[in-house]
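Data block below; observations after.
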Amino acid sequence: MTVSYNKLWKLLIDRDMSKTDLVREAKITTNAMARMGKGEDVRIGVIVKICTYLGCTFDDVLEIIPDKRVED
């Protein structure tokens, strides 16, 4: 499974916010933002802070992409 934060990046663009703005306003660490920028997992608490600040749900900021199955 892979996590995609593309929805979050689009949301920030739509709201004319930078990643730095989100770090400051949602009170998340730059390390967490860097991990998201690389498509890596972050703690659920980070996502909760982002959703609380932006007034949205998990589905609005991330997408879980299942691994493709190899068929025999």
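Model, not experiment: these values are computed from the prediction. Start at 1 with the first residue, then count along the sequence.
The neighbour count for Asp14 CG, taken as heavy atoms of other residues, nucleotides or ligands under 6.0 Å away, is above 12.
Counting only distance, with no hydrogens or angles, the side chain of Lys7 and the backbone of Asp59 share a donor-acceptor pair below 3.5 Å. Put simply, the side chain of Asp21 gets close to the backbone of Ser18: a donor and an acceptor are under 3.5 Å apart.
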Test side-chain contact (heavy atoms from CB on, under 4.5 Å) applied to Val3 and Asp41, step by step: CA-CA 7 Å; Val3 177; Asp41 296 338; 3.6 Å; yes
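Annotation: side chain of Leu54 is in contact with side chain of Leu8 (closest heavy-atom distance under 4.5 Å). Counting heavy atoms from C-beta outward, Leu12 and Lys19 have side chains that approach closer than 4.5 Å. Proximity of Tyr5 to Arg35: side-chain heavy atoms (C-beta onward) are nowhere separated by under 4.5 Å. Counting only heavy atoms from C-beta outward, the side chains of Met36 and Ile28 approach each other to under 4.5 Å. Between Leu22 and Ile50 there is a side-chain heavy-atom pair separated by less than 4.5 Å.
The hydrophobic cluster containing Tyr53 does not contain Ile13, counting ILVMFWY residues as joined when their side-chain heavy atoms lie under 4.5 angstrom apart, directly or transitively. Under a hydrophobic-cluster definition in which Ile, Leu, Val, Met, Phe, Trp and Tyr are linked whenever side-chain heavy atoms come within less than 4.5 Å, directly or via other members, Leu11 and Ile65 are assigned to different clusters.
When every heavy atom of Ile64 is checked against every heavy atom of Pro66, the shortest pair comes out as O-CD, 3.5 Å.
Partner of Cys51 under the side-chain contact (heavy atoms from CB on, under 4.5 Å) criterion, out of Thr57, Val61, Asp60: Val61 alone.
For the residue pair Asn31 / Thr29, no side-chain donor-acceptor distance below 3.5 Å is found, with atom types taken as modelled.
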